[in-house]
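This report refers to the structure that appears directly beneath it.
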Amino acid sequence: MSLFKRHYKEDVETQTNGARLITFTEPKNVISEQLRTVRTNIEYAGAALDKLQVVMFTSSQISDGKSTVSSNVAVTWAQAGKKVLIVDADLRRPTVHTTFRLDNRQGLTTILASDLQPKDLVHESMVPGLSALTSGPVPPNPAELLGSPRMAALVEWMRNNYDIVVLDVPPLNLVTDAQVMLPLADGVVLLITLNQTQKVNLERAVELLNLTSTKVLGVVSRAKRNDGDSGYGYGYGYGYGSTQD
């Protein structure tokens, strides 16, 4: 409860106004370049895999920036000429519809709970080459829907229709939603915020990832900029020790 209160304001800001799509609005900004570097490093990390098509973005706790990074990295893939789909699989705290200014009356949960076809509910975004599948109405049983055979079939459809699929999923430690989706992803990117992500939470998330055969593509670290800008800077690596105890 104390952790939620500590970061509540920031989390509500993202949910209310959506993630800042700096890679789209300010492609020459230094942060945009950092996020393009993150994309490139993800590709390098996945080079040894048979395929790197479905990439999951998650974190160990709320407000670590997973939605901001996943949305912006999706934009950079589209800008690089890929046909990209971003999927809001964070059914409890969705943001994709707000970020891309889309209708969320129907979406992922609608497909999983009905006979509607995904092609009828995927939206084209303002970014050329980037489509989005919003979360849809919040269901009473998110983990059951995300772990269902229908979800597996839906991801297979995505593979057949897009070059890159970006999954924005809930934090690993809070609910089982992300865990049940791990077998569907080719690789996972873990988000942390320096001086905010608690070490015990990060260690627990890494333990959960190590229980599966899913490739951990790396860690994206987010830190407050010290140049007067109100935003964050981004780094990429494999270390887990730069967080507070």
Side-chain angles (χ1 to χ4, degrees), residues 3 6-7 10-11 14 19-20 22-23 30-49 51-77 86-87 89-90 93 95 164-179 181-226 231-245:
L3 178 64
R6 179 181 175 188
H7 305 307
E10 178 185 350
D11 195 60
T14 302
R20 182 185 177 194
I22 191 168
T23 49
V30 63
I31 299 176
S32 298
E33 183 58 35
Q34 289 171 345
L35 288 163
R36 284 192 291 270
T37 300
V38 168
R39 177 204 70 204
T40 301
N41 286 334
I42 290 171
E43 292 173 343
Y44 283 146
L49 299 176
K51 56 185 173 182
L52 181 65
Q53 191 175 6
V54 178
V55 182
M56 177 184 292
F57 288 77
T58 188
S59 59
S60 63
Q61 60 190 41
I62 62 172
S63 297
D64 271 344
K66 66 178 182 59
S67 295
T68 297
V69 173
S70 61
S71 295
N72 277 282
V73 171
V75 169
T76 68
W77 262 314
I86 184 168
V87 181
D90 192 340
R93 306 174 68 82
T95 58
I164 298 288
V165 178
V166 173
L167 301 177
D168 179 0
V169 305
L172 279 163
N173 295 354
L174 298 186
V175 290
T176 60
D177 302 17
Q179 297 175 45
M181 292 190 67
L182 285 172
L184 303 179
D186 300 324
V188 179
V189 178
L190 190 61
L191 269 292
I192 66 170
T193 300
L194 298 182
N195 299 317
Q196 173 176 295
T197 303
Q198 295 189 346
K199 187 174 181 180
V200 64
N201 289 339
L202 180 58
E203 289 174 343
R204 175 57 179 158
V206 172
E207 288 175 1
L208 291 172
L209 290 172
N210 287 338
L211 293 175
T212 74
S213 59
T214 308
K215 169 72 172 178
V216 178
L217 298 169
V219 177
V220 176
S221 58
R222 195 175 66 140
K224 271 287 187 181
R225 297 181 65 186
N226 57 10
Y232 289 86
Y234 297 88
Y236 182 93
Y238 292 93
Y240 301 119
S242 301
T243 58
Q244 68 181 38
D245 292 328

dist N173:CG -> E203:CD (nearest 0.5 Å) comes out at 11.0 Å

So do T197 and Q61 actually touch side chain to side chain, heavy atoms under 4.5 Å? yes

Between R222 and T193, does any side-chain donor sit less than 3.5 Å from a side-chain acceptor? yes

Is the shortest side-chain heavy-atom distance between D168 and S67 below 4.5 Å? yes

Between Q196 and D64, is a side chain to side chain contact (heavy atoms under 4.5 Å, CB included) present by the stated rule, with each step listed? CA-CA 8 Å; Q196 173 176 295; D64 271 344; 3.3 Å; yes

Which residue pairs satisfy the salt bridge (charged side-chain N to carboxylate O under 4.0 Å, His left out) criterion with at least one member in residues 170-179, sequence neighbours excluded? R92-D177

Evaluate the side chain to side chain contact (heavy atoms under 4.5 Å, CB included) criterion for residues V87 and V166: first the C-alpha distance (whole Å), next the side-chain angles of each, then the deciding distance (0.1 Å), finally the verdict. CA-CA 6 Å; V87 181; V166 173; over 6 Å; no

In Å, rounded to the nearest 0.5 Å, how long is the span from CG of L217 to CG of L52? 6.0 Å

Does the side chain of L190 reach to within under 4.5 Å of the side chain of L202, using non-hydrogen atoms? yes

Taking the side chain as every heavy atom from C-beta outward, state whether I42 and V220 have any atom pair closer than 4.5 Å. no

Here the pair of heavy atoms bringing D90 nearest to P170 is OD1-CG, 3.5 Å

Backbone N/O of S60 and side chain of N201: donor-acceptor pair under 3.5 Å: no

Here the gap from T40 atom OG1 to E33 atom CD, rounded to the nearest 0.5 Å, amounts to 8.0 Å

Across all chains, not counting sequence neighbours, the side chain to side chain contact (heavy atoms under 4.5 Å, CB included) partners of T212 are L182, T214

Check side chain to side chain contact (heavy atoms under 4.5 Å, CB included) between V54 and all other residues, then give those that pass, not counting sequence neighbours. V155, R159, V165, L167, A185, D186

Identify the two heavy atoms, one from P171 and one from K66, that lie closest to each other, and give their separation to 0.1 Å. CD-CE, 3.9 Å

Do T58 and L191 have side-chain heavy atoms sitting under 4.5 Å apart? no

Taking side chain to side chain contact (heavy atoms under 4.5 Å, CB included) as the definition, give me every residue that meets it alongside E43, ordered by chain and number, with sequence neighbours left out. R39, W77

Kindly indicate whether the side chain of I31, heavy atoms from C-beta on, has any atom under 4.5 Å from the side chain of N72. no

Looking only at heavy atoms, which two atoms of L172 and L208 are closest? And how far apart? O-CD1, 3.8 Å

Is any side-chain heavy atom of V75 less than 4.5 Å from a side-chain heavy atom of I86? no

Hey, are the side chains of S59 and I192 touching, using non-hydrogen atoms and a 4.5 Å cut-off? no

A89 meets the side chain to side chain contact (heavy atoms under 4.5 Å, CB included) criterion, sequence neighbours left out, with L108, L146, V169, M181

With sequence neighbours left out, write down each residue that passes salt bridge (Lys or Arg N to Asp or Glu O under 4.0 Å) with E207, or none if nothing qualifies. R204

